[in-house]
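A quick write-up on the structure given underneath.
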Amino acid sequence: MGLGHFVPSRVVTNAELATILTTSDEWIQQRTGIKERRWVDGDVGASELAEPAARQAIKNAGLEVSDIDLIVFATLSPDVFFPGSSCLLQDRLGLNGCAALDIRTQCTGFLYALSIADAHIRSGLAEHVLVVGAEVHSSGLDMSDRGRDVTVIFGDGAGAAVVGPSDGTSRILGHKLHADGKHAEILKIEAPASRRNPRITHEMISQGLHYPHMQGRAVFKLAVSLVPKVIIELLEEHDLKIDEVDLLVPHQANQRINEMVARRLEIDPERVYNNIERFGNTTAASIPIALHEAVLRQKVKPGGLVCLAALGAGMTWGATLIRW
Ligand code: COA
């Protein structure tokens, strides 16, 4: 019904990162397509970034904040360990009392969150659901050379959507979601952790276990095979072909991944929306930010077929089809 997004005003260029880490604009652009990302200044949590995106989405849906009866908040960088960022956002919005829950499926978070919104609406459990993806990565990145592979790719941002009952052709057609925990180790933050007692120690901090760790090549390989596969799987379920997709909005993890996915699907690159060069990887926020930008740029018209697709830590992956 409505979309919104918000990114911090501070632009961090590759050149600025090269003053902190041993890296270069050339390396980052060649390997990832990223030119710059946004990072917050000071103490800003995911729910603070989410608030303006949420208010914009509610306004664009033609609703009042009080019309929302469920918040589904996808993030891997919650404001605090608990309670969930959904509750913190709910309080910021003054929506005290409505249902609120967090989703922890990382880069696939927005798609899982959308599926929960869709199921609540179809079953009559909720009428207007606020779906949010928001991340503050910058306060949790390793600013030493040890973490340079990960630090250069992540950005902060928030995106939001309001989902409600369809009154015409515009509707979510379906979702295909997967997860495979055997790949849990290839992308993770280990500490603080309930499986460690104590959950965090000075030694863990000196080992950098509170920072994200990624086996980049393994993630890359899974992404270029599983993302096209799940898109085809979902299209076949709906008797649709890739030629009928007007716009593919993939998760923004790496421009090279998205180019390879487009080649494997044999979809015209003109019909794939990418903005990673300006925002980096904003994890759960990347799809709603890209989708909102694409709508603002009139890349999708009423009646058009939109496909969203993502893969992230877990591993989790999936796709969603929307008739606009
Ligand atoms: N700047 C300069 N050099 C860097 C660097 C950086 N920021 N990060 C790593 N390197 C170096 C490595 O140390 C390595 O050096 P060596 O050959 O001397 O050992 C070299 O670059 C190649 O490293 P490698 O990790 O093999 O690079 P890569 O080609 O796999 O690219 C990624 C790294 C992270 C860009 C790539 O693996 C990737 O994008 N993977 C998918 C990540 C992803 O999608 N994550 C999010 C999932 S939701």
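Both ligands and their constituent atoms are indexed starting at 1 by order of listing.
Within 4.0 Å of ligand 1, the residues that place a heavy atom are T22, T23, W27, R31, T32, C107, R148, D149, V152, L187, M214, G216, R217, V219, F220, H251, A253, N254, I257, N281, L311, G312, listed by chain and number.
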Could you give the side-chain donor-acceptor pairs of residues 186-196 under 3.5 Å, partners two or more places apart or in another chain?
from, atom 1, to, atom 2, distance (Å)
K188, NZ, E185, OE1, 2.7
K188, NZ, E190, OE1, 3.0
E190, OE1, R195, NH2, 2.6
E190, OE2, R195, NE, 3.2
E190, OE2, R196, NE, 3.2

List, one per line, each side-chain donor-acceptor pair under 3.5 Å for residues 226-243, sequence neighbours excluded.
from, atom 1, to, atom 2, distance (Å)
E233, OE1, H178, NE2, 3.2
E233, OE2, H178, NE2, 3.3
E237, OE2, K176, NZ, 2.7

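A heavy-atom distance below 4.5 Å is found between the side chains of L305 and L321.
Between R263 and E259 there is no salt bridge, since no side-chain N of the basic residue sits under 4.0 Å from a carboxylate O of the acidic one.
For N96, the CG atom sits in a packed shell: over 12 heavy atoms of surrounding residues, nucleotides or ligands are nearer than 6.0 Å.
Sequence neighbours left out, the pairs with a member in residues 156-169 that pass side-chain hydrogen bond (donor to acceptor under 3.5 Å, both in side chains) are S138-D156.
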